[in-house]
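As structure tokens, the structure follows; a few thoughts come after it.
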2 protein chains.
Amino acid sequence: MSGDRRNSTRQTKRIGVRDVARLAAVAPITVSRALSFPDSVAPATRQRIMEAVSSLGYIPNRVAGSLSSNQTRLIGAIIPTFQSSVATEFTGGMATVLRSRGYQLLLGGSNFSVEEEESLILEFLSRRADGIYLTGTTHTERASRMLRESRVPVVEVASLDGEPIDMLVGFSNADASFAMMRHLAGCGYRKVAFFSLPTKDNERQRGRIAGYRRGVETFGLDPDPALMAEVHMDLASATRSLGELLERRPDAEALFCGGDLLAIGALFECQRRGLRVPEDFGVAGFDDIDLAGFMQPGLTTVHLPHQMLGARAAELLLDRLAGKPVAGSVVDMGFEIVVRGSTRKVR
Amino acid sequence: MSGDRRNSTRQTKRIGVRDVARLAAVAPITVSRALSFPDSVAPATRQRIMEAVSSLGYIPNRVAGSLSSNQTRLIGAIIPTFQSSVATEFTGGMATVLRSRGYQLLLGGSNFSVEEEESLILEFLSRRADGIYLTGTTHTERASRMLRESRVPVVEVASLDGEPIDMLVGFSNADASFAMMRHLAGCGYRKVAFFSLPTKDNERQRGRIAGYRRGVETFGLDPDPALMAEVHMDLASATRSLGELLERRPDAEALFCGGDLLAIGALFECQRRGLRVPEDFGVAGFDDIDLAGFMQPGLTTVHLPHQMLGARAAELLLDRLAGKPVAGSVVDMGFEIVVRGSTRKVR
DNA sequence: ATGGATTATGGTACCGGTATCATATTGCCG
DNA sequence: CGGCAATATGATACCGGTACCATAATCCAT
């Protein structure tokens, strides 16, 4: 009556530390140590344990380990969408760094909704993720509070000017956008339109708009609000919106987009309409996705180090977890205006 | 000496079920039930518990819950790369379904290496993921064995003709590729080149090559191996490889690519070289990524329901977990040849 | 009214590791 | 060669939920 098992949910009892310990003739804790901190166990013992491990096919149960050690080695990340190469490149950057340090990635998509984000955050906190990565600084009240109270390290990838919960990695969207406007103005374009992505709960897009407005004002460009539009992030919406813009303002001279995908859609639409780029019409984007450099003509855009942003965010998180208590760090990763064929040469 | 805490790793003791139970004047197990199966608790009790939960800001510890209940509600997914919109769309599809059913996604990238895949699998098994999603049917010996022995539900998204570990969702790469060859032959192209992605440990690409070869043979096309090349999955490699191809075989009439990105790179390169598509040179891709339909001319390609593939895979996994014991299911999601402007009109 | 089924709740042990502290062993130095 | 520090290993309890079975309360049909 001691060897019977009454596992209903469970299949035939799994191999555990105790089994390995018995076979290697050591205490369970020693097995645990041999696997987690090999150096803390004598070489001979370690080898005996390793042999037992492989001969039994022992797969440690990290769930139990996490409960006991109070660390999961899990990082929860929330991206707005899986459709954007920008978001997934961030994620790839993070995943690489995390894995190299023995962490795993718990990933969720918020669909650009702060409410969905909140529920994902709650989920991640429930799973006791060791750190959390968020896109942007806009969150629900409750989400921010829960994060702060949980004392979990958080990195946000966003504009520098937001109010970070904890750490923040990013660049100034407004400055980048303004820099692009300087370029466009320098090209001689006076009637510059702007397509932003949906701005709801998205302070990054709002920053880009602010930069555009500042540019319009600073360089004395056409301030007509009819030159602006909010466009969904897909090629079809972009081409459609360009059509509408050209109906409202057939005299528009250039278009700056708050995302490369929009700019690329616009570029295709220009080709279709026989609009010559950059002579008749200039186009500029934001993000510098792979494709931007391959378009014909190449897309002038704001270059951002996507993968590195993700990697840096992961490093911040892990450094913090490793005990380096850097409170409230803000890291500026900068940006770069990349001029290609879609805007006129500046003389 | 009973109320003192000696938590070193831990911060000031977290709220637990016991705290909530005390406040609601019930047993801990009742709190657990109220949260997991609300209907199994009397309404009045449930409400008292819910009030206690929110007044204490209780966040259940799923790590403990997982250990105890032996289910993590975690699905581990391995994609070859974060750079491919195909892979990330799969993932998005999965993530959506998983979340709607209360599961979370543990994501890793294998960099197209079965060895990295193996280590990721081990990691996921260690974390006791309830199910595992893999890309392809090519894995290391050890990985396959561990998966089988673990008795964890596994879905592979791959060619139908592979040998699945458990469940499989996909379509026949060879048939799809052959169907495209029929189209190309029908267009009158006789010297059709083929660019595949790296074939190492990738039976999907090999299936596509097989379909190409079968097409060449069946339709009596030029079988010169110089028409074939293996190309890395990025635009730069694609354009470079097209240049090399045209040096080897300046008389090539069309190019079929084992991935849209390659085809798009080729399309750009054709524009650059002034090659008229589809008159002088036909181009066809595989996957039908968003961009394909927007190119000028539009890219003829094999359409696949990426998101749905991911969603279907997730559903299979969850259905299995929900107790529907469908052994060794194989789901054919089909494909579709989408003819656009990059290949000649068939008369 | 009464027995048996049904529903609501609780006691207890246990999931499988690891933190913590204790003990045994070895090494080194004067 | 004794004594103390450093190193290697172990005993025990506990992490925070939930499975399992028991018990109490409620209900209904006869």
Side-chain angles (χ1 to χ4, degrees), chain A residues 1-22 24-49 53 56 58-73 125-128, chain B residues 1-22 24-49 53 56 58-73 125-128:
Chain A
M1 68 188 55
S2 70
D4 69 343
R5 64 185 65 91
R6 55 209 101 179
N7 329 338
S8 72
T9 320
R10 286 156 268 277
Q11 57 265 38
T12 33
K13 189 140 187 68
R14 285 266 204 156
I15 309 285
V17 254
R18 282 149 178 102
D19 303 296
V20 177
R22 200 175 315 122
V26 293
I29 182 69
T30 305
V31 173
S32 170
R33 274 196 279 254
L35 293 173
S36 303
F37 313 95
D39 294 335
S40 72
V41 165
T45 315
R46 189 191 322 150
Q47 174 159 1
R48 234 169 47 237
I49 291 174
V53 164
L56 290 174
Y58 170 61
I59 299 182
N61 184 333
R62 264 192 200 283
V63 177
S66 294
L67 177 61
S68 176
S69 68
N70 202 38
Q71 60 157 317
T72 53
R73 300 200 148 247
L125 289 177
S126 238
R127 293 190 183 277
R128 297 296 188 263
Chain B
M1 69 190 51
S2 70
D4 68 345
R5 63 184 63 90
R6 54 209 104 177
N7 328 339
S8 71
T9 321
R10 287 156 267 275
Q11 57 264 34
T12 34
K13 189 142 187 65
R14 286 265 203 155
I15 309 285
V17 253
R18 283 149 178 102
D19 303 295
V20 177
R22 200 175 314 122
V26 294
I29 182 70
T30 306
V31 173
S32 170
R33 275 197 278 253
L35 294 173
S36 303
F37 313 94
D39 294 336
S40 72
V41 166
T45 314
R46 190 193 320 151
Q47 173 158 2
R48 236 168 44 238
I49 291 174
V53 164
L56 291 174
Y58 169 61
I59 299 181
N61 184 333
R62 265 192 201 281
V63 177
S66 296
L67 177 61
S68 176
S69 69
N70 202 39
Q71 62 158 314
T72 53
R73 299 201 149 246
L125 289 177
S126 237
R127 293 189 182 277
R128 297 296 186 263

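Values below: every heavy atom of this structure, side chains too, minus hydrogens, waters and symmetry copies.
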Atom-to-atom span, CD of A:Q47 to C1' of D:dA8 - whole angstrom: 17 Å
Euclidean distance, atom CD1 of residue A:I29 to atom C1' of C:dG16 [Å, nearest integer]: 12 Å
B:S68 side-chain proximity, nearest of D:dC15, D:dG17, D:dT9: D:dG17
Distance, rounded to the nearest Å, where A:L56 contributes CG and C:dG16 contributes P: 15 Å
Sugar-phosphate only, base, or nothing, as touched by B:A64 at under 4.0 Å among non-hydrogen atoms: base
Sugar-phosphate only, base, or nothing, as touched by B:V63 at under 4.0 Å among non-hydrogen atoms: nothing
side-chain N/O B:S66 vs D:dG17 OP1/OP2, d < 4.0 Å: no
D:dG17 phosphate, OP1 or OP2, under 4.0 Å from B:Y58 side-chain N/O: yes
Atom pair CG/CD1 of A:L56 and A:I15 - distance to nearest 0.5 Å: 5.0 Å
Backbone of A:S66 reached by a side-chain donor or acceptor of A:T72 within 3.5 Å: no
Sugar-phosphate, base or nothing in reach of B:F37, heavy atoms under 4.0 Å: nothing
Atom-to-atom span, CZ of B:R22 to C1' of C:dT9 - whole angstrom: 18 Å
Sugar-phosphate only, base, or nothing, as touched by B:V41 at under 4.0 Å among non-hydrogen atoms: sugar-phosphate
Shortest non-hydrogen contact between A:A27 and A:A21, atoms and distance: C-CB, 3.8 Å
Spacing of A:R73 atom CZ relative to C:dG17 atom P, expressed in whole Å: 17 Å
Phosphate contact (C:dT9 OP1 or OP2) by B:T45 side-chain N/O below 4.0 Å: yes
Listed nucleotide nearest any side-chain atom of A:N61, set C:dG16, D:dC20, D:dA8: C:dG16
Protein-nucleotide distance (A:L35, atom CG; D:dT9, atom P), rounded to Å: 14 Å
D:dG17 base / B:R18 side chain donor-acceptor hit below 3.5 Å: yes
Which residue lies more 5' along DNA chain D, comparing A:D39 with B:R33 via nearest heavy atoms: A:D39
Side chain of B:L67 (C-beta onward), nearest among C:dA8, C:dT18, C:dG16: C:dG16
5' precedence on DNA chain D between B:S32 and A:A25 (nearest-nucleotide basis): A:A25
Pair of N/O donor and acceptor under 3.5 Å linking C:dG16 base with B:R128 side chain: no
Contacts table for residues 33-46 of chain B: side-chain donor-acceptor under 3.5 angstrom, sequence neighbours left out:
unit_1, atom_1, unit_2, atom_2, d
B:S36, OG, B:S32, O, 3.3
B:S40, OG, B:F37, O, 2.8
B:R46, NE, B:P38, O, 3.1
B:R46, NH2, B:P38, O, 3.4
B:R46, NH2, B:V41, O, 3.3

B:T30 side chain near C:dT9 phosphate (N/O to OP1/OP2, under 4.0 Å): no
Side-chain donor/acceptor of A:S68 to backbone N/O of A:A64, under 3.5 Å: no
Whole angstrom value for the distance that separates P of C:dG16 from CG of A:D19: 9 Å
D:dT18 phosphate, OP1 or OP2, under 4.0 Å from B:S36 side-chain N/O: yes
Sugar-phosphate, base or nothing in reach of A:R62, heavy atoms under 4.0 Å: nothing
Backbone N/O of B:A24 and side chain of B:R48: donor-acceptor pair under 3.5 Å: yes
Sugar-phosphate only, base, or nothing, as touched by B:V31 at under 4.0 Å among non-hydrogen atoms: nothing
Interatomic distance, A:R46 CZ vs D:dA8 P [rounded to whole Å]: 9 Å
